[in-house]
Q: 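If you scroll down you'll find the structure; I have some questions about it.
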Amino acid sequence: LQPGDEAALVGPVLFQLGSTQLRWRSAADALDAELPLQAHQQREVKRPAYWLPALLLLFVLLLGGEQYLSLNPGSPWVDYVSPVLMPLAVVLAWAALWALVTQLFQHRFPFSTHLRRVLVAISSLQLLGWSLGLLAFAFSWPRLMVLDSMLVPIGSVALLWWHASLVWPRAKRTLALVLGGLLIGGLVLTAARRQEQQHWFGPPYLSVLAPPAVRLVDAKPPGELIDALRPLQAELERQANKDGDPSESDDETD
């Protein structure tokens with residue numbers, strides 16, 4: 001329209017100002033029928049307020065318990081401050097970052113929703129890891145620690161999908177396929193990188209032992225341990241001969 005020109009707007013009209021589209025309608029025009037909420041919008045009904053403080057308390061207790069098991073008895077309380085507050089700060093920053101991403105795409109800031117999801121995921125992984133260690137010790141199943149070592153990558157990918165599905169609810173299947181492919185590729189590369197080691201994903205032993213009262217099977221005799229270690233003798237001798245070979249040392253020096 002030139003300056004001073006007029007145009008009649010009849011019915012709903014869509015026009016554009018720069019990069020912004022505007023829809024104009026008259027008060028006499030009928031409104032469109034209301035649309036039902038989508039499934040992902042219906043699930044965003046606020047949960048009781050006590051859930052979030054309870055999850056925060058559980059997370060802090062788990063951090064403190066893990067630090068208690070790693071410290072010597074009688075350690076001062078200041079040794080617990082940093083190992084507890086630093087992960088808590090990282091979790092809060094992580095939830096705030098995802099809330100900002102959601103604000104960018106969904107025009108809302110669901111900080112508490114993202115915080116609840118990351119707290120549920122991390123606390124569940126930690127409890128499951130402790131449970132696997134107790135079961136492995138109680139029943140002499142050290143191979144369960146292979147599952148424990150895979151909890152972190154699998155749980156991380158699941159947590160990323162859980163966050164991203166809130167930001168892009170229509171692309172859940174695509175996100176699952178992409179993240180699942182990255183997870184499988186990462187596990188394959190990890191296994192290939194450890195071909196020369198005695199394990200692919202997790203060590204076949206327990207680095208932390210539970211109290212003896214937890215054990216539910218009889219202890220194995222020392223001779224069985226010695227017999228299980230015999231296959232390592234040839235490999236150790238080969239490594240010792242390789243380390244003591246002067247020709248290889250000279251080649252490395254050259």
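It should be emphasised that the depicted structure is a prediction, and the values quoted were computed from it without experimental measurement.
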Q: Quick check on the hydrophobic clustering: are W94 and F105 connected, directly or via other members, by side-chain heavy-atom contacts under 4.5 Å?
A: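 Linked, W94 and F105 end up in one cluster.
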Q: Is it possible for you to say whether F109 and V91 belong to one hydrophobic cluster, with membership spreading through side-chain heavy-atom contacts below 4.5 Å?
A: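 The answer is yes; both residues are in one hydrophobic cluster.
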Q: Same hydrophobic cluster for L132 and L127, using side-chain heavy-atom links shorter than 4.5 Å among ILVMFWY?
A: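 They do not share one cluster, since no chain of ILVMFWY contacts under 4.5 Å joins L132 to L127.
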Q: Membership question, hydrophobic clusters at under 4.5 Å side-chain separation (ILVMFWY): are V101 and L92 in the same one?
A: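 Per the 4.5 Å side-chain linkage, L92 and V101 are co-clustered.
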Q: For residues L119 and L115, determine if any side-chain heavy atom of one lies less than 4.5 Å from a side-chain heavy atom of the other.
A: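 The answer is yes; the side chains approach within 4.5 Å.
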Q: Out of curiosity, L58 CG to S123 OG, how far, rounded to the nearest 0.5 Å?
A: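 The CG atom of L58 sits 4.5 Å away from the OG atom of S123.
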Q: What I'd like to find out is whether the side chain of L166 reaches to under 4.5 Å of the side chain of R117, using heavy atoms alone.
A: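 Side-chain contact under 4.5 Å: yes.
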Q: Any non-hydrogen side-chain atom of L183 less than 4.5 Å from a side-chain atom of I154?
A: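 A side-chain contact exists here, since the closest heavy-atom pair is under 4.5 Å.
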Q: Measuring from atom OG of S156 to atom CG of L179, what distance do you get when rounded to the nearest 0.5 angstrom?
A: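 Output value for this atom pair is 11.0 Å.
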Q: In the structure I gave you, are the side-chain heavy atoms of T102 and T113 within less than 4.5 Å of one another anywhere?
A: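 No. Closest side-chain heavy atoms not under 4.5 Å.
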Q: Within a strict 4.5 Å, meaning less than it, do heavy atoms of the D227 and R230 side chains meet?
A: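 Yes. Closest side-chain heavy atoms under 4.5 Å.
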Q: So which heavy atom on S165 is nearest to which on L175, and how close?
A: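 Where S165 meets L175 most closely, the heavy atoms are N-CD1, 4.1 Å.
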Q: Whether the side chain of Q67 engages the backbone of D79 through a donor-acceptor N/O pair (distance < 3.5 Å, no angle test) should be reported.
A: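 Flag set: sc Q67 to bb D79 pair under 3.5 Å.
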Q: Rounded to the nearest 0.5 Å, what's the gap from CG on L125 to CH2 on W130? Could you check?
A: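 Rounded to the nearest 0.5 Å, the CG-CH2 separation comes to 13.0 Å.
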Q: My understanding is that only one of L61, L62, L63 makes a side-chain contact (heavy atoms from CB on, under 4.5 Å) with F59; could you say which?
A: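 Among the candidates, only L63 passes.
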Q: With a 4.5 Å heavy-atom cut-off, do L182 and V157 have their side chains touching?
A: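 No, side chains not in contact.
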Q: Taking all non-hydrogen atoms of both residues, which atom of F137 and which atom of R215 are closest, and how far apart?
A: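 Closest approach of F137 to R215, heavy atoms only: O-NH1, 2.8 Å.
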Q: Hey, quick one: are L71 and Y68 part of the same hydrophobic cluster, counting side-chain heavy atoms closer than 4.5 Å, chains of contacts allowed?
A: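 Yes, one cluster joins them.
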Q: Taking the side chain as every heavy atom from C-beta outward, state whether Q106 and W168 have any pair of such atoms under 4.5 Å apart.
A: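 Counting from C-beta outward, Q106 and W168 never come under 4.5 Å.
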Q: Heavy atoms, side chains only, cut-off 4.5 Å: are L147 and L128 in contact?
A: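 No, too far: nothing below the 4.5 Å cut-off.
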Q: Please report the closest heavy-atom contact between V217 and S140, naming both atoms and the distance.
A: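 Looks like CG2-OG, 3.5 Å.
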Q: Measuring from atom CG of L159 to atom CH2 of W98, what distance do you get when rounded to the nearest 0.5 angstrom?
A: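 Rounded to the nearest 0.5 Å, the CG-CH2 separation comes to 8.5 Å.
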Q: Which heavy atom in L55 sits nearest to a heavy atom in R116, and how many Å separate them?
A: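 Of all heavy-atom pairs spanning L55 and R116, the closest is CD1-CG, 3.5 Å.
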Q: How about F15 and W24: are their ring centroids closer than 6.0 Å?
A: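 No; W24 has its ring centre 6.0 Å or more from that of F15.
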